[in-house]
Amino acid sequence: REAGELAGRKKRIFAIKKWSLEHASLMLVGILVDTINGKGPILSSILGGVSFARLFLNLIERSEPKMWNWPNIVTWARIAGVFALGCKMLRLERQSKVLGAASILPPDNELLRLVTIFVALDFVDGALARALNQVTELGGHLDAAADGLGTAVLALILGAKGHMFQPLAVHMAAGSYLYQLVISAGPQNVKNRSSAPQKWARFLAGSMAILTIVALGLSALSETAATEKWQHFKGNLVLVSRLSANAAGCVNLVSFGLSYLHLMGVAIPGAAMAQHHHTVRRPAD
């Protein structure tokens, strides 16, 4: 029986890793096309949602026993929300050709609410997994993949709106997917280093989330500055908003830089602190 369970677990891990590589490749194609078009993450969010739908159906077909615990349901809700945003942008993009819609991207106040909910649910699923003793390897992969999808869509929106320097936005969107491909193509010692636990992953992820929320909050405030007093501060609000957004992009860039140094075996203080954020953050069962 134990041998059968072990074989089944290895089969599930292999299937999820195979899907992860296919998902990363699809997302990179979508990010490239969206970057060239400059209209926002329309194709990447749709491709990401379709890729997750394929995984969802595959898990149902295989009757995955731990698919329907509460942490995973919360994670699936986060993924569905990103896909819904992509569908909305696609609908607005089609309407703009007929009705002349001004923009397909969500306004900053709406984007602020969406990002806040997405980040809050990210904390909720992990807290539920630990509180209910439902920490699973599937949940870890789903959590990391949902983070990657949400980060990619958000970064492309920030870049398209001019909140973030475009190269930083593209790297923030594509970084985790390129990282997965590097690990998969690397030798075994690189794969071994990639699975090492990282102590500061939550700090880096939290820093990026806080900086992004601050950037969107200040930008939304500047858009609603109606009184003469607030109009006087509007330029400063926009400036600090842009600085915060680009700081988030820089944190992401440094995070991946440290991760690649860690993969190469460079032993410097802090080299291992970032990498774990880009892979699985919930331990295996």
note = Of all heavy-atom pairs linking Trp76 and Leu59, the shortest is CZ2-CD1, 4.0 Å
ask   = Looking at side-chain heavy atoms only, is the closest gap between Ser25 and Leu181 below 4.5 Å?
value = yes
remark   = Taken to the nearest 0.5 Å, the spacing of Ser44 OG from Leu149 CG works out to 8.0 Å
ask   = If you look at every heavy atom in Ile104 and Lys39, which pair is closest and at what distance?
value = CD1-O, 3.1 Å
inquiry  = Do Ile183 and Tyr179 have side chains that approach each other closer than 4.5 Å (heavy atoms only, starting at C-beta)?
reply    = yes
ask   = Other hydrophobic cluster members with Leu239, side-chain heavy atoms of Ile/Leu/Val/Met/Phe/Trp/Tyr under 4.5 Å, chained?
value = Leu243
inquiry  = On a heavy-atom basis, which atom in Phe52 and which in Ala145 lie closest, and how many Å separate them?
reply    = CZ-CB, 3.5 Å
key: Min side-chain heavy-atom separation Thr75-Arg78 under 4.5 Å   = yes
ask   = Is a side-chain donor or acceptor of Asn246 paired with a backbone partner of Arg242 at a separation under 3.5 angstrom?
value = yes
remark   = Heavy-atom nearest pair, Gly217 first then Leu112, reads CA-CD2, 3.7 Å
key: Candidate pair Ile210 and Val214, rule side chain to side chain contact (heavy atoms under 4.5 Å, CB included), full reasoning   = CA-CA 6 Å; Ile210 291 172; Val214 168; 4.3 Å; yes
message = Any heavy-atom pair between the side chains of Thr212 and Leu158 that's under 4.5 Å?
response = yes
query = Under the side chain to side chain contact (heavy atoms under 4.5 Å, CB included) criterion, do Asn72 and Thr136 qualify, and how do the steps go?
reply = CA-CA 9 Å; Asn72 289 349; Thr136 66; 4.2 Å; yes
ask   = Are Phe56 and Trp68 an aromatic pair by the rule of ring centers under 6.0 Å?
value = yes
request  = Apply side chain to side chain contact (heavy atoms under 4.5 Å, CB included) to Ser45 and Phe83, showing your working.
outcome  = CA-CA 6 Å; Ser45 57; Phe83 181 61; over 6 Å; no
task = Please round to the nearest 0.5 Å and tell me the distance separating atom OH of Tyr177 and atom NE2 of His23.
result = 4.0 Å
query = What distance do Asn252 atom CG and Leu204 atom CG have between them, rounded to the nearest 0.5 Å?
reply = 9.5 Å
request  = Evaluate the side chain to side chain contact (heavy atoms under 4.5 Å, CB included) criterion for residues Arg54 and Trp19: first the C-alpha distance (whole Å), next the side-chain angles of each, then the deciding distance (0.1 Å), finally the verdict.
outcome  = CA-CA 9 Å; Arg54 192 170 69 85; Trp19 171 85; 3.7 Å; yes
key: Minimum side-chain heavy-atom gap Leu253-His171 below 4.5 Å   = yes
Check: Thr151 and Met208 side chains under 4.5 Å, non-hydrogen atoms = no
query = Would a distance-only check, ignoring hydrogens and angles, find a side-chain to backbone donor-acceptor pair under 3.5 Å from Thr35 to Ile31?
reply = yes
query = Nearest heavy-atom pair of Ala169 and Gly159: which atoms, and what distance?
reply = CB-CA, 3.8 Å
key: Flag side-chain contact, heavy atom, 4.5 Å: Leu154 against Leu111   = yes
query = Do NZ/NE/NH1/NH2 and the carboxylate oxygens of Lys17 and Glu22 come within less than 4.0 Å?
reply = no
inquiry  = Rounded to the nearest 0.5 Å, what separates atom CG in Asn37 from atom CG in Leu43?
reply    = 8.0 Å
inquiry  = Under the salt bridge (Lys or Arg N to Asp or Glu O under 4.0 Å) definition, can you give me all pairs with a residue in residues 159-174, not counting sequence neighbours?
reply    = Asp108-Lys161
key: Minimum heavy-atom distance Val240-Leu218, with the two atoms named   = CG1-CD1, 3.4 Å
message = Quick one, Pro41 and Ile157 - any side-chain contact, counting heavy atoms below 4.5 Å?
response = yes
Separation between CD1 of Ile42 and CG of Leu156, rounded to the nearest 0.5 Å = 10.5 Å
note = Interatomic distance, NZ@Lys88 vs CG@Leu105, rounded to 0.5 Å, equals 11.0 Å
